[in-house]
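So the structure is just underneath, and the comments pick up after that.
Just follow the structure's listing: the first ligand is 1, and inside any ligand the first atom is 1.
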Amino acid sequence: MAEPRKIIIDTDPGQDDAAAIMLAFGSREELEVLGITTVAGNVPLSLTSRNARIICELCDRRDIKVFAGADRPIARKLVTAEHVHGKTGLDGPELAEPTMALQAQHGVDFIVETLRNEPEGSVTLCTLGPLTNVAMAFQKAPDVVGRVRELVMMGGGFFEGGNITPAAEFNIYVDPEAADIVFRSGVPIVMMPLDVTHQLLTKKDRVQRMADIGTPPAIAMVEMLQFFERFDVEKYGSDGGPLHDPTTVAYLLKPELFQGRECNVEIETKSELTVGMTVVDWWHVTDRKRNAKVMRNVDADGFFALLTERFARI
Ligand code: RIB
Ligand code: CA
(Lines give C-alpha, C1' and ligand atoms only; values in the text may rest on other atoms or scores of the structure.)
(Ligands and ions follow the chains in the order given, each with its own letter.)
Protein backbone atom coordinates (compact mmCIF):
# COMPACT_ATOMS: atom_id res chain seq x y z
CA MET A 1 0.00 0.00 0.00
CA ALA A 2 1.39 3.41 -1.02
CA GLU A 3 1.90 6.10 1.60
CA PRO A 4 -1.25 8.23 2.13
CA ARG A 5 -1.27 11.49 0.16
CA LYS A 6 -0.63 14.51 2.42
CA ILE A 7 -3.28 17.21 2.15
CA ILE A 8 -4.22 20.51 3.76
CA ILE A 9 -7.95 21.28 3.59
CA ASP A 10 -8.76 24.99 3.37
CA THR A 11 -12.44 25.51 4.03
CA ASP A 12 -15.44 27.72 4.92
CA PRO A 13 -17.87 25.13 6.36
CA GLY A 14 -20.72 25.00 4.98
CA GLN A 15 -22.60 21.73 4.78
CA ASP A 16 -20.96 20.74 1.50
CA ASP A 17 -17.55 21.51 3.00
CA ALA A 18 -18.50 19.12 5.80
CA ALA A 19 -19.18 16.39 3.24
CA ALA A 20 -15.73 16.95 1.71
CA ILE A 21 -14.01 16.80 5.09
CA MET A 22 -15.94 13.67 6.04
CA LEU A 23 -14.98 12.05 2.73
CA ALA A 24 -11.33 12.70 3.59
CA PHE A 25 -11.83 11.33 7.11
CA GLY A 26 -13.35 8.17 5.63
CA SER A 27 -10.29 7.65 3.43
CA ARG A 28 -7.44 7.35 5.89
CA GLU A 29 -5.53 4.79 3.80
CA GLU A 30 -5.30 7.20 0.89
CA LEU A 31 -5.27 10.65 2.55
CA GLU A 32 -3.38 12.12 5.50
CA VAL A 33 -4.96 15.40 6.59
CA LEU A 34 -2.02 17.48 7.87
CA GLY A 35 -4.38 20.21 9.05
CA ILE A 36 -7.52 22.18 8.32
CA THR A 37 -7.30 25.92 7.71
CA THR A 38 -10.48 27.98 7.87
CA VAL A 39 -11.39 31.08 5.89
CA ALA A 40 -14.25 33.58 5.92
CA GLY A 41 -16.74 32.71 3.21
CA ASN A 42 -20.12 31.05 3.65
CA VAL A 43 -20.20 32.57 7.14
CA PRO A 44 -17.72 34.72 9.10
CA LEU A 45 -14.39 33.23 10.23
CA SER A 46 -15.49 32.68 13.84
CA LEU A 47 -18.25 30.39 12.57
CA THR A 48 -16.23 28.59 9.90
CA SER A 49 -13.61 27.91 12.59
CA ARG A 50 -16.34 26.67 14.97
CA ASN A 51 -17.88 24.50 12.27
CA ALA A 52 -14.61 22.88 11.20
CA ARG A 53 -14.05 21.72 14.79
CA ILE A 54 -17.64 20.50 15.09
CA ILE A 55 -17.08 18.33 12.02
CA CYS A 56 -13.83 16.95 13.46
CA GLU A 57 -15.54 16.07 16.76
CA LEU A 58 -18.58 14.60 14.96
CA CYS A 59 -16.17 12.23 13.21
CA ASP A 60 -14.15 11.52 16.37
CA ARG A 61 -11.11 13.25 14.89
CA ARG A 62 -10.00 15.51 17.73
CA ASP A 63 -6.44 14.74 16.58
CA ILE A 64 -6.89 17.06 13.60
CA LYS A 65 -5.33 20.52 13.98
CA VAL A 66 -7.63 23.39 12.96
CA PHE A 67 -6.11 26.80 12.20
CA ALA A 68 -8.10 29.99 11.71
CA GLY A 69 -7.01 31.93 8.63
CA ALA A 70 -8.19 35.12 6.96
CA ASP A 71 -11.28 36.84 8.31
CA ARG A 72 -11.88 38.86 5.15
CA PRO A 73 -10.97 38.91 1.47
CA ILE A 74 -7.69 40.51 0.38
CA ALA A 75 -9.19 43.69 -1.00
CA ARG A 76 -12.96 43.65 -0.53
CA LYS A 77 -15.68 43.50 2.07
CA LEU A 78 -16.75 39.99 3.01
CA VAL A 79 -19.86 38.62 1.31
CA THR A 80 -21.42 35.60 3.06
CA ALA A 81 -24.07 32.99 2.14
CA GLU A 82 -26.31 32.45 5.15
CA HIS A 83 -29.23 32.31 2.70
CA VAL A 84 -27.88 28.94 1.58
CA HIS A 85 -26.12 27.55 4.66
CA GLY A 86 -28.20 29.05 7.49
CA LYS A 87 -27.11 31.49 10.19
CA THR A 88 -24.51 29.11 11.70
CA GLY A 89 -23.26 27.88 8.32
CA LEU A 90 -23.92 24.33 9.45
CA ASP A 91 -27.68 24.42 9.96
CA GLY A 92 -29.60 21.16 9.83
CA PRO A 93 -28.56 18.83 12.68
CA GLU A 94 -28.46 19.75 16.37
CA LEU A 95 -24.70 19.69 17.08
CA ALA A 96 -22.86 20.50 20.32
CA GLU A 97 -20.46 23.42 20.45
CA PRO A 98 -16.87 22.24 19.87
CA THR A 99 -14.59 21.59 22.85
CA MET A 100 -11.34 21.05 20.91
CA ALA A 101 -9.18 24.16 20.74
CA LEU A 102 -8.20 26.13 17.69
CA GLN A 103 -4.46 26.15 17.04
CA ALA A 104 -2.70 29.38 17.99
CA GLN A 105 -0.87 29.63 14.66
CA HIS A 106 -2.55 31.58 11.86
CA GLY A 107 -3.79 29.39 9.02
CA VAL A 108 -1.69 31.22 6.43
CA ASP A 109 1.47 30.63 8.49
CA PHE A 110 0.54 26.96 8.88
CA ILE A 111 0.28 26.60 5.10
CA VAL A 112 3.66 28.30 4.57
CA GLU A 113 5.42 26.37 7.35
CA THR A 114 4.01 23.02 6.26
CA LEU A 115 4.99 23.52 2.62
CA ARG A 116 8.52 24.47 3.73
CA ASN A 117 8.90 21.59 6.20
CA GLU A 118 7.37 18.75 4.18
CA PRO A 119 9.34 17.32 1.23
CA GLU A 120 8.99 19.39 -1.93
CA GLY A 121 6.05 18.24 -4.05
CA SER A 122 4.53 16.13 -1.27
CA VAL A 123 1.65 18.35 -0.06
CA THR A 124 -1.64 18.88 -1.89
CA LEU A 125 -3.84 21.90 -1.13
CA CYS A 126 -7.56 21.11 -1.23
CA THR A 127 -9.55 24.37 -1.19
CA LEU A 128 -13.28 24.48 -0.56
CA GLY A 129 -13.87 28.23 -0.16
CA PRO A 130 -12.50 31.61 -1.20
CA LEU A 131 -8.77 31.43 -2.03
CA THR A 132 -7.76 34.15 0.44
CA ASN A 133 -5.52 31.98 2.66
CA VAL A 134 -3.68 30.39 -0.25
CA ALA A 135 -3.14 33.72 -2.01
CA MET A 136 -1.83 35.29 1.21
CA ALA A 137 0.53 32.34 1.71
CA PHE A 138 1.87 32.70 -1.85
CA GLN A 139 2.30 36.45 -1.40
CA LYS A 140 4.03 36.05 1.98
CA ALA A 141 6.28 33.21 0.84
CA PRO A 142 6.64 32.96 -2.95
CA ASP A 143 9.17 30.16 -2.42
CA VAL A 144 6.39 27.77 -1.37
CA VAL A 145 4.47 27.95 -4.67
CA GLY A 146 6.86 25.53 -6.36
CA ARG A 147 6.66 23.15 -3.38
CA VAL A 148 2.94 22.45 -3.80
CA ARG A 149 2.18 19.06 -5.38
CA GLU A 150 -1.22 20.18 -6.67
CA LEU A 151 -4.01 22.60 -5.74
CA VAL A 152 -7.44 21.00 -6.15
CA MET A 153 -10.08 23.69 -5.81
CA MET A 154 -13.83 23.97 -5.95
CA GLY A 155 -14.75 27.20 -7.65
CA GLY A 156 -15.65 29.01 -10.84
CA GLY A 157 -17.93 28.15 -13.71
CA PHE A 158 -17.92 28.63 -17.46
CA PHE A 159 -20.70 27.18 -19.64
CA GLU A 160 -22.73 26.88 -16.41
CA GLY A 161 -22.43 30.59 -15.51
CA GLY A 162 -22.53 31.78 -11.92
CA ASN A 163 -24.48 31.14 -8.70
CA ILE A 164 -23.98 34.39 -6.81
CA THR A 165 -24.14 36.64 -9.89
CA PRO A 166 -24.98 35.61 -13.46
CA ALA A 167 -21.22 35.54 -14.17
CA ALA A 168 -19.55 34.47 -10.92
CA GLU A 169 -19.43 31.43 -8.63
CA PHE A 170 -19.41 32.24 -4.89
CA ASN A 171 -15.85 31.16 -3.89
CA ILE A 172 -14.28 33.24 -6.64
CA TYR A 173 -16.72 36.14 -6.25
CA VAL A 174 -15.94 36.57 -2.54
CA ASP A 175 -12.24 37.09 -3.24
CA PRO A 176 -11.48 37.58 -6.95
CA GLU A 177 -8.10 39.19 -6.21
CA ALA A 178 -7.05 36.07 -4.30
CA ALA A 179 -8.20 33.83 -7.13
CA ASP A 180 -6.27 35.98 -9.61
CA ILE A 181 -3.08 35.63 -7.55
CA VAL A 182 -3.49 31.85 -7.32
CA PHE A 183 -4.34 31.31 -10.99
CA ARG A 184 -1.34 33.43 -12.06
CA SER A 185 1.05 31.79 -9.57
CA GLY A 186 2.01 28.75 -11.67
CA VAL A 187 0.81 26.30 -9.01
CA PRO A 188 -0.62 23.13 -10.67
CA ILE A 189 -4.40 23.60 -10.43
CA VAL A 190 -7.29 21.16 -10.79
CA MET A 191 -10.52 23.18 -11.03
CA MET A 192 -13.94 21.81 -10.06
CA PRO A 193 -16.42 24.38 -11.42
CA LEU A 194 -20.20 24.56 -11.28
CA ASP A 195 -20.15 22.78 -14.66
CA VAL A 196 -19.26 19.65 -12.71
CA THR A 197 -20.96 20.25 -9.37
CA HIS A 198 -24.36 21.02 -10.89
CA GLN A 199 -24.36 17.42 -12.19
CA LEU A 200 -24.14 16.16 -8.57
CA LEU A 201 -27.59 16.64 -7.08
CA THR A 202 -28.38 15.23 -3.65
CA LYS A 203 -31.29 13.21 -5.01
CA LYS A 204 -33.56 11.44 -2.52
CA ASP A 205 -32.29 7.92 -3.28
CA ARG A 206 -28.68 9.07 -2.90
CA VAL A 207 -29.37 10.72 0.46
CA GLN A 208 -31.39 7.70 1.59
CA ARG A 209 -28.37 5.43 1.01
CA MET A 210 -26.36 7.73 3.29
CA ALA A 211 -29.13 7.64 5.90
CA ASP A 212 -29.14 3.82 5.75
CA ILE A 213 -25.57 3.85 7.15
CA GLY A 214 -27.23 4.80 10.44
CA THR A 215 -24.17 6.15 12.27
CA PRO A 216 -24.18 9.56 14.02
CA PRO A 217 -21.85 11.15 11.41
CA ALA A 218 -23.96 9.81 8.51
CA ILE A 219 -27.23 10.90 10.11
CA ALA A 220 -25.83 14.38 10.84
CA MET A 221 -24.61 14.64 7.24
CA VAL A 222 -28.05 13.70 5.93
CA GLU A 223 -29.61 16.39 8.10
CA MET A 224 -27.04 18.91 6.83
CA LEU A 225 -27.79 18.00 3.22
CA GLN A 226 -31.54 18.16 3.75
CA PHE A 227 -31.10 21.71 5.02
CA PHE A 228 -28.52 22.68 2.37
CA GLU A 229 -30.56 21.43 -0.60
CA ARG A 230 -33.76 23.29 0.32
CA PHE A 231 -32.37 26.50 -1.31
CA ASP A 232 -32.03 24.85 -4.73
CA VAL A 233 -35.18 22.73 -4.41
CA GLU A 234 -37.31 25.81 -3.57
CA LYS A 235 -35.62 28.00 -6.20
CA TYR A 236 -35.29 25.56 -9.09
CA GLY A 237 -37.65 22.70 -8.21
CA SER A 238 -34.69 20.33 -8.56
CA ASP A 239 -34.44 16.88 -6.95
CA GLY A 240 -31.82 17.90 -4.41
CA GLY A 241 -29.06 20.49 -4.46
CA PRO A 242 -25.57 20.46 -6.04
CA LEU A 243 -22.92 18.92 -3.82
CA HIS A 244 -19.93 21.12 -4.62
CA ASP A 245 -16.97 20.67 -2.30
CA PRO A 246 -16.55 16.86 -2.06
CA THR A 247 -15.60 16.86 -5.77
CA THR A 248 -12.09 17.97 -4.72
CA VAL A 249 -11.48 15.07 -2.33
CA ALA A 250 -13.23 12.63 -4.68
CA TYR A 251 -10.77 13.67 -7.39
CA LEU A 252 -7.86 12.77 -5.12
CA LEU A 253 -9.41 9.37 -4.43
CA LYS A 254 -10.84 8.49 -7.88
CA PRO A 255 -9.71 10.93 -10.59
CA GLU A 256 -11.22 8.62 -13.20
CA LEU A 257 -14.67 9.82 -12.09
CA PHE A 258 -13.93 13.16 -13.78
CA GLN A 259 -13.18 14.37 -17.31
CA GLY A 260 -11.76 17.71 -18.35
CA ARG A 261 -8.78 19.32 -19.98
CA GLU A 262 -5.91 21.77 -19.54
CA CYS A 263 -7.15 25.30 -20.25
CA ASN A 264 -6.22 28.89 -19.67
CA VAL A 265 -8.30 30.39 -16.86
CA GLU A 266 -8.25 34.09 -16.02
CA ILE A 267 -10.23 35.92 -13.35
CA GLU A 268 -12.23 39.10 -13.88
CA THR A 269 -11.39 41.54 -11.07
CA LYS A 270 -12.38 44.92 -12.56
CA SER A 271 -15.82 44.92 -14.22
CA GLU A 272 -18.71 45.47 -11.80
CA LEU A 273 -20.92 43.39 -14.10
CA THR A 274 -18.70 40.30 -14.26
CA VAL A 275 -16.31 40.54 -11.31
CA GLY A 276 -15.37 37.04 -10.09
CA MET A 277 -15.98 35.42 -13.45
CA THR A 278 -13.61 32.59 -14.38
CA VAL A 279 -12.89 33.14 -18.06
CA VAL A 280 -12.08 29.61 -19.29
CA ASP A 281 -10.52 29.21 -22.73
CA TRP A 282 -12.16 25.79 -23.16
CA TRP A 283 -11.82 25.82 -26.99
CA HIS A 284 -8.18 27.01 -26.84
CA VAL A 285 -8.91 30.03 -29.04
CA THR A 286 -5.98 31.90 -27.48
CA ASP A 287 -2.36 30.98 -26.89
CA ARG A 288 -2.59 31.96 -23.22
CA LYS A 289 -0.86 29.63 -20.77
CA ARG A 290 -2.95 26.57 -19.92
CA ASN A 291 -2.75 27.09 -16.15
CA ALA A 292 -5.47 24.73 -14.92
CA LYS A 293 -6.92 21.28 -15.50
CA VAL A 294 -10.59 22.26 -15.81
CA MET A 295 -13.15 19.54 -15.15
CA ARG A 296 -16.42 19.47 -17.08
CA ASN A 297 -17.94 16.00 -16.64
CA VAL A 298 -18.35 13.55 -13.77
CA ASP A 299 -19.77 10.08 -13.16
CA ALA A 300 -22.45 11.19 -10.69
CA ASP A 301 -23.50 7.71 -9.56
CA GLY A 302 -19.86 6.74 -9.05
CA PHE A 303 -19.30 9.92 -7.05
CA PHE A 304 -22.19 9.28 -4.66
CA ALA A 305 -21.27 5.58 -4.33
CA LEU A 306 -17.78 6.68 -3.23
CA LEU A 307 -19.19 9.17 -0.71
CA THR A 308 -21.56 6.61 0.80
CA GLU A 309 -18.94 3.88 0.98
CA ARG A 310 -16.45 6.22 2.71
CA PHE A 311 -18.98 7.86 5.06
CA ALA A 312 -19.75 4.35 6.32
CA ARG A 313 -16.12 3.93 7.37
CA ILE A 314 -16.19 6.87 9.82
O1 RIB B 1 -20.37 28.00 -5.00
C2 RIB B 1 -20.25 26.88 -4.15
C3 RIB B 1 -19.18 27.09 -3.13
O4 RIB B 1 -19.51 28.21 -2.32
C5 RIB B 1 -19.04 25.91 -2.16
O6 RIB B 1 -17.71 25.84 -1.72
C7 RIB B 1 -19.93 26.31 -1.02
O8 RIB B 1 -19.52 25.72 0.23
C9 RIB B 1 -19.70 27.78 -0.98
O10 RIB B 1 -18.50 28.01 -0.24
CA1 CA C 1 -17.22 25.85 0.67
Ignoring hydrogens and angles, tell me if any N or O in the side chain of [X] forms a donor-acceptor pair with the backbone of [Y] under 3.5 Å.
X: Arg230; Y: Val84; result: yes
X: Thr202; Y: Gly241; result: yes
X: Glu266; Y: Arg184; result: no

Per-atom contacts of ligand 1 with [X], taking only distances under 4.0 Å to non-hydrogen atoms:
X: Glu169; value: 1 (O), 2 (C), 3 (C), 4 (O)
X: Asn42; value: 7 (C), 8 (O), 9 (C), 10 (O)
X: Met154; value: 2 (C), 3 (C), 5 (C), 6 (O)
X: Asp16; value: 5 (C), 6 (O), 7 (C), 8 (O)
X: Asp17; value: 8 (O)
X: Asp12; value: 10 (O)

List the atom pairs, with distances to 0.1 Å, where a side-chain N or O of residues 127-134 and a protein N or O form a donor-acceptor pair under 3.5 Å, not counting sequence neighbours.
{"unit_1": "Thr132", "atom_1": "OG1", "unit_2": "Asp175", "atom_2": "OD2", "d": "2.7"}
{"unit_1": "Asn133", "atom_1": "OD1", "unit_2": "Ala70", "atom_2": "N", "d": "2.7"}
{"unit_1": "Asn133", "atom_1": "ND2", "unit_2": "Asp10", "atom_2": "OD1", "d": "2.8"}
{"unit_1": "Asn133", "atom_1": "ND2", "unit_2": "Thr38", "atom_2": "O", "d": "3.0"}

Next item on the list: For the residue pair Thr99 and Glu57, confirm or rule out a side-chain donor-acceptor distance under 3.5 Å.
Entry: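 There is such a pair between these side chains.
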
Notebook entry, point to check: So, Asp12 versus Thr48: side-chain donor-acceptor pair below 3.5 Å or not?
Noted result: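 No pair is found: no donor N or O on one side chain lies under 3.5 Å from an acceptor on the other.
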
Check: So which protein N/O/S atoms does the Ca ion (ligand 2) have within less than 3.0 Å?
Finding: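 Near the Ca ion (ligand 2), the protein supplies Asp12 OD1, Asp17 OD1, Asp17 OD2, Leu128 O, Asp245 OD2.
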
Next item on the list: Report yes if His244 has an N/O atom closer than 3.5 Å to an N/O atom of ligand 1; otherwise report no.
Entry: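 No, no N or O pair falls under 3.5 Å.
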
Note to self: If I apply the N/O under 3.5 Å rule, does Leu128 come out as touching ligand 1?
What the structure shows: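 Yes, there is a polar N/O contact under 3.5 Å.
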
Next item on the list: With heavy atoms under 4.0 Å as the rule, classify the contact between Ile164 and ligand 1 as side chain, backbone, both or neither.
Entry: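 Answer for Ile164: neither.
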
Note to self: Just checking His85 against Phe228, ring centres under 6.0 Å apart?
What the structure shows: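 Yes, the ring centres sit under 6.0 Å apart.
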
Margin query: Tell me the protein heavy atom at minimum distance from atom 6 (O) of ligand 1, and give that distance in Å.
Written below: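 Nearest protein contact, heavy atoms only, for atom 6 (O) of ligand 1 is Asp245 OD1, 2.6 Å.
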
Margin query: Around atom CZ of Arg72, are there more than 12 heavy atoms from other residues, nucleotides or ligands closer than 6.0 Å?
Written below: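 12 or below, so no.
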
Next item on the list: Check the surroundings of atom CD1 in Ile219: do more than 12 heavy atoms from other residues, nucleotides or ligands lie under 6.0 Å from it?
Entry: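 More than 12 within 6.0 Å, yes.
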
Margin query: Between Ser122 and Arg149, does the side chain to side chain donor-acceptor pair (under 3.5 Å) criterion hold? Intermediate values first, please.
Written below: CA-CA 6 Å; Ser122 68; Arg149 175 172 173 178; over 6 Å; no

Check: Does NZ or CZ of Arg28 fall inside the cone over Phe25's six-membered ring, less than 6.0 Å from its centre and within 45° of the axis?
Finding: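 Geometry flag: not set, cation outside 6.0 Å or 45°.
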
